[in-house]
2 protein chains.
Amino acid sequence: MEKSILEKIRSEYKPKLPQALKGNVKAVEGEPTNSVRDQQIIKSLFPNTYGMPIVRFEPGEETTHHAINVGVILSGGQAPGGHNVISGLFDEIKRLNPENRLFGFLLGPGGLVSHEYMEITSEIIEDYRNTGGFDIIGSGRTKLETEEQFEKGLQILNKLDIKALVIIGGDDSNTNAAVLAEYYKDHGDGIQVIGVPKTIDGDLKNDQIETSFGFDTATKTYSELIGNIERDCASAQKYWHFVKLMGRSASHIALECALQCHPNVCIVSEEVQANDDSLNDIVDYIAGIVANRAAHGMNYGVVLIPEGLIEFIPAIGRLISELNDLLAEHGDEYKHLDKAEQRRYILEHLSKDNANTFETLPYDVARQLSLERDPHGNVQVSSIETDKLLSRMVAAKLRLWKEEGKFKGHFHTQHHFFGYEGRCAIPSNFDADYCYALGTSAAQLIANGKTGYMAVVKNTTAPTDEWRAGGVPITSMLNLERRNGQLKPVIKKALVDLNGRPFQEYKRHRDEWAAMTCFVYPGPIQYFGPAEVCDTTTITLQLEHQ
Amino acid sequence: MEKSILEKIRSEYKPKLPQALKGNVKAVEGEPTNSVRDQQIIKSLFPNTYGMPIVRFEPGEETTHHAINVGVILSGGQAPGGHNVISGLFDEIKRLNPENRLFGFLLGPGGLVSHEYMEITSEIIEDYRNTGGFDIIGSGRTKLETEEQFEKGLQILNKLDIKALVIIGGDDSNTNAAVLAEYYKDHGDGIQVIGVPKTIDGDLKNDQIETSFGFDTATKTYSELIGNIERDCASAQKYWHFVKLMGRSASHIALECALQCHPNVCIVSEEVQANDDSLNDIVDYIAGIVANRAAHGMNYGVVLIPEGLIEFIPAIGRLISELNDLLAEHGDEYKHLDKAEQRRYILEHLSKDNANTFETLPYDVARQLSLERDPHGNVQVSSIETDKLLSRMVAAKLRLWKEEGKFKGHFHTQHHFFGYEGRCAIPSNFDADYCYALGTSAAQLIANGKTGYMAVVKNTTAPTDEWRAGGVPITSMLNLERRNGQLKPVIKKALVDLNGRPFQEYKRHRDEWAAMTCFVYPGPIQYFGPAEVCDTTTITLQLEHQ
């Protein structure tokens with residue numbers, strides 16, 4: 001594997017660990033936990049792993065550990081730092097007992113079921129320290145949900161004598177880790193399951209998880225690009241740039257980028273939903289800002305749009321929800337129809353209100369909503385060109401306003417979608433340290449005999465020394481939600497809190513940012529140089545922990 | 001103006017200067033020059049500025065300089081480092097005489113004609129040192145071509161008592177600088193005109209110009225993104241990413257990014273043209289690589305496509321060329337027709353061969369070729385979605401091959417277009433130094449009474465100390481080319497040299513990069529840290545000057 005110069009030098013970076021994880025560790029247990037909601041039902045679903053205490057790591061005495069084998073899986077979309085979770089895990093299990101071995105299952109949870117794996121040796125791990133990507137073992141989106149999968153997994157775990165499995169994933173994957181932990185405990189299989197909170201989307205976050213790993217690096221990378229575009233925009237003064245940002249279920253990425261770059265517009269899906277805004281309301285809002293800037297001679301600007309916006313517009317959300325159920329139920333007969341038949345089929349089967357909404361959508365958007373679902377049964381929103389949809393509708397509105405004399409200017413657009421550009425970036429110092437500490441914590445949870453826990457690291461806005469590491473029972477994060485038409489125990493997604501400091505900070509400034517040009521240009525992630533440039537984390541995290 | 005943390009710290013960076021520009025300077029003149037071609041005609045068009053010698057700067061004695069006012073213009077697309085050209089120019093004219101003043105014309109050459117300007121003071125310049133963008137005075141694409149414009153310009157230059165004008169631009173803008181220099185000299189207006197070679201495209205390059213500024217930073221920014229996408233691609237192993245890269249007239253950007261990132265495919269327009277490849281040949285080539293990788297279990301990869309490709313495909317090039325002339329001649333009657341009428345109009349007016357090519361193109365591509373021209377009379381190729389066109393045609397080919405049993409795999413695609421993301425990035429150390437030296441050289445050309453010169457800095461792969469600064473008569477770079485149906489003196493564009501080291505290096509490796517996965521992940525530009533990370537310039541420049 002040929003490395004770039006930066007990667008070669010970066011491979012020598014030694015991630016900084018919290019004080020408690022620097023040597024021998026003892027696990028201190030707190031009070032028993034409850035799930036965030038629906039306690040009785042969750043408890044009945046997880047009789048063996050419900051109510052366990054939160055665990056905190058503190059410096060401890062040297063103890064001896066029997067040699068064990070550990071498995072690790074990367075699940076779902078890539079996030080910067082995954083390789084450091086694995087190297088933290090590797091280093092710590094080797095420190096605990098050099099005979100310990102680490103096996104990686106290939107291309108996601110599917111590798112556990114299909115028995116595709118490799119041993120991760122020290123030669124291999126050296127190639128991946130402080131690098132981006134999940135390519136050390138690959139990732140995938142197979143969901144571990146069925147007993148058949150669990151049993152298939154058990155075969156290979158037993159064959160490899162693996163006693164603990166670490167699943168690095170987002171909210172769904174960690175939910176499944178909890179189910180798997182419960183299953184293996186219930187069946188007396190003696191296999192521990194530990195989760196690690198990953199997602200660039202930032203929506204796996206709660207009282208116990210300050211941030212999911214990758215959010216820091218990904219938002220910095222997107223902010224670099226948005227800043228560059230803003231500067232181009234302010235230099236040429238001729239385009240409105242519409243930037244769609246990855247993040248299906250929440251607007252944390254768009255909000256963080258807005259706080260970093262001060263664009264003229266940032267749509268926050270959660271606010272659209274709370275205000276019961278229609279697509280037309282959003283178009284009016286953007287067109288109003290365009291017209292106002294034009295009146296002051298500024299026919300340019302930058303608009304940030306969260307990828308998931310369309311699902312948060314209540315009328316469209318209701319439509320999509322019914323479509324999801326409809327396609328889950330009738331997918332097989334539906335998928336053999338041609339385009340026109342599919343449209344007719346949908347209109348015939350939808351309830352009246354939703355059929356109306358469907359009919360009023362631009363034809364191609366309606367079409368995109370009718371396409372194949374992802375493995376979770378959801379619309380593949382990233383294929384909906386929300387940025388182009390909005391800019392086209394804004395242009396139509398402005399033409400109308402021009403006729404009415406309410407808009408004097410011009411409106412030329414450029415479109416961008418940033419997602420893949422940031423998911424595999426070389427992890428920032430923050431993510432490099434945070435992930436290494438998460439991997440180390442996961443190893444310690446294993447060493448302390450825990451299962452059904454997620455590794456956590458807290459106090460992350462303080463210097464690394466003062467970070468607090470530990471574990472949290474995943475069951476304590478669960479509640480019941482409707483998925484594919486069924487109530488299921490899942491980790492509650494963290495949406496943008498409209499009363500939280502990050503959104504309030506944005507709200508306080510947005511009118512000024514819209515009317516004036518207040519662009520800020522963050523530039524690329526720096527790995528060397530002054531600490532204020534290299535070691536500062538996201539504005540979101542800083543504001544939330546002020 | 002609120003600065004990011006990186007910008008604040010970066011503002012203190014002191015660009016490194018070549019030895020000869022560190023103090024007092026003397027200009028050493030070489031032999032008289034000739035234009036690269038068409039000498040007699042060029043000489044007759046530039047009687048006052050033809051044949052001037054190349055100028056080299058060397059350390060000199062202190063001399064006194066009368067106070068003068070200088071004007072500066074940023075012309076055309078943004079390129080990282082423009083602000084450093086201006087700060088180098090500013091610092092040097094102030095060093096020569098603190099009474100010297102610098103005026104910037106706003107939003108490009110148009111500001112000279114419309115008399116919109118501002119004085120650039122030391123307070124202002126402090127805000128822009130080592131930053132990206134052209135926003136200090138803005139940029140624009142107005143072409144300075146007519147005597148009326150020259151005379152309008154003269155009015156404001158005389159009013160502000162400006163004795164020298166620096167035009168920072170690409171090949172066209174520098175051509176116009178030469179025409180303006182000749183005009184002002186011919187009319188005895190006593191105004192010097194100096195050009196500075198700018199363009200991220202890398203196509204303003206010849207014996208005298210090693211590289212145009214901005215190419216280094218822009219290609220590093222694109223390579224960062226391509227590397228991140230490659231890593232995502234290798235981790236998820238499920239998509240073919242088609243990446244279109246800015247660069248209308250030459251493939252230097254795509255080639256440099258290929259040398260940095262080792263993608264599976266990089267189309268080089270100049271090779272397509274040399275081989276007389278058809279669109280179908282290119283599709284076959286890509287589909288062949290996809291099918292071969294699929295046969296080895298790799299249903300993923302990365303393809304780089306230069307933005308200007310479509311114009312280089314000979315059959316399409318001939319079509320576009322006739323369309324350009326047709327629309328230049330009949331644009332007024334044409335533009336009032338509706339879509340269907342325009343198509344009919346074009347088919348009726350084209351020669352038979354070109355009409356055939358037009359008819360065989362996908363409908364939307366044919367349509368895009370028929371749209372409005374840019375101010376230079378060229379197709380706006382950046383609006384042609386070449387990436388999607390190619391991936392769609394590759395998909396069609398693979399479906400065919402699948403039926404024939406020649407393709408066993410799947411082909412899912414993602415598309416990206418990188419241009420605006422890199423044009424205003426914070427300049428790399430190389431561009432920061434190079435631009436500052438160019439600005440300093442421009443000031444010295446003025447101080448030495450030169451006009452019709454371009455500032456140049458050479459030996460740029462050596463340490464900065466050893467760089468050689470000077471000036472080259474723009475007329476020496478001119479030849480005659482057909483533009484908008486007329487023969488005009490223009491600077492010869494530097495296309496990718498198929499016998500040159502950069503292309504040969506790519507050619508040597510491309511089959512391996514296609515068949516295997518040899519991705520390299522360069523990561524973001526670093527401004528601090530080890531010199532090998534921060535101070536290395538492009539692979540293109542290194543290979544060309546080996």
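Throughout, a chain's letter reflects where its sequence line sits, starting with A, and its residues are numbered from 1.
- A distance of 3.5 Å separates CD in A:Q414 from OH in B:Y420, rounded to the nearest 0.5 Å.
- Only the side chain of A:Q237 has a heavy atom closer than 4.5 Å to any heavy atom of chain B.
- Most heavy-atom pairs under 4.5 Å with chain A, from the set B:G133, B:G108, B:G77: that is B:G133.
- Contacts between B:I9 and chain A at a heavy-atom distance below 4.5 Å involve the side chain alone, from C-beta outward.
- There is no contact between B:K8 and chain A, counting heavy-atom distances below 4.5 Å.
- Counting heavy-atom pairs under 4.5 Å between each of A:P522, A:G529, A:G523 and chain B puts A:P522 at the top.
- Taking chain B as the reference chain and counting heavy-atom pairs below 4.5 Å, the highest number among A:D232, A:T536, A:T517 is found for A:D232.
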- Assess whether side-chain contact (heavy atoms from CB on, under 4.5 Å) is satisfied between B:E421 and A:E421, documenting all intermediate values. CA-CA 11 Å; B:E421 289 75 2; A:E421 290 75 2; over 6 Å; no
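- The distance from atom CD of A:E224 to atom CD1 of B:I525, rounded to the nearest 0.5 Å, is 7.5 Å.
- No other option in B:I136, B:T221, B:L225 has as many heavy-atom pairs under 4.5 Å with chain A as B:L225.
- In this structure, the portion of B:Q78 lying under 4.5 Å from any heavy atom of chain A is its side chain and not its backbone.
- Taken from CD in A:E532 to CD1 in B:I5, the straight-line distance is 6.5 Å, to the nearest 0.5 Å.
- In this structure, chain B has a heavy atom under 4.5 Å from the side chain of A:F418, while its backbone stays farther away.
- Both the backbone and the side chain of B:Y527 come within contact range of chain A, with heavy atoms under 4.5 Å apart.
- From A:C534, atom SG reaches atom CZ of B:F528 across 7.5 Å, with rounding to the nearest 0.5 Å.
- B:Q526 touches chain A through backbone and side chain together, each having a heavy atom under 4.5 Å away.
- Note: A:P530 leads A:C233, A:G422, A:P530 in heavy-atom pairs under 4.5 Å with chain B.
- Highest contact tally toward chain A, considering only B:A234, B:G132, B:C518, B:G138, is held by B:G132 [criterion: heavy-atom pairs under 4.5 Å].
- In B:H296, the NE2 atom is not crowded: 12 or fewer heavy atoms of neighbouring residues, nucleotides or ligands sit closer than 6.0 Å.
- The choice from B:C424, B:G419, B:P524 that makes the most heavy-atom pairs within less than 4.5 Å of chain A is B:C424.
- Residue with the most contacts toward chain A among B:Q260, B:H415, B:K3, B:H416: B:H416 (heavy-atom pairs, distance under 4.5 Å).
- Between the side chain of B:S4 and the backbone N or O of A:V520 there is no donor-acceptor pair closer than 3.5 Å.
- Counting only distance, with no hydrogens or angles, the side chain of A:S139 and the backbone of B:S235 share no donor-acceptor pair below 3.5 Å.
- Taking B:I426, B:L107, B:L74 one by one and counting their heavy-atom pairs under 4.5 Å with chain A, the maximum is reached by B:L107.
- Within a 6.0 Å sphere centred on CE of B:M516, heavy atoms belonging to other residues, nucleotides or ligands number 12 at most.
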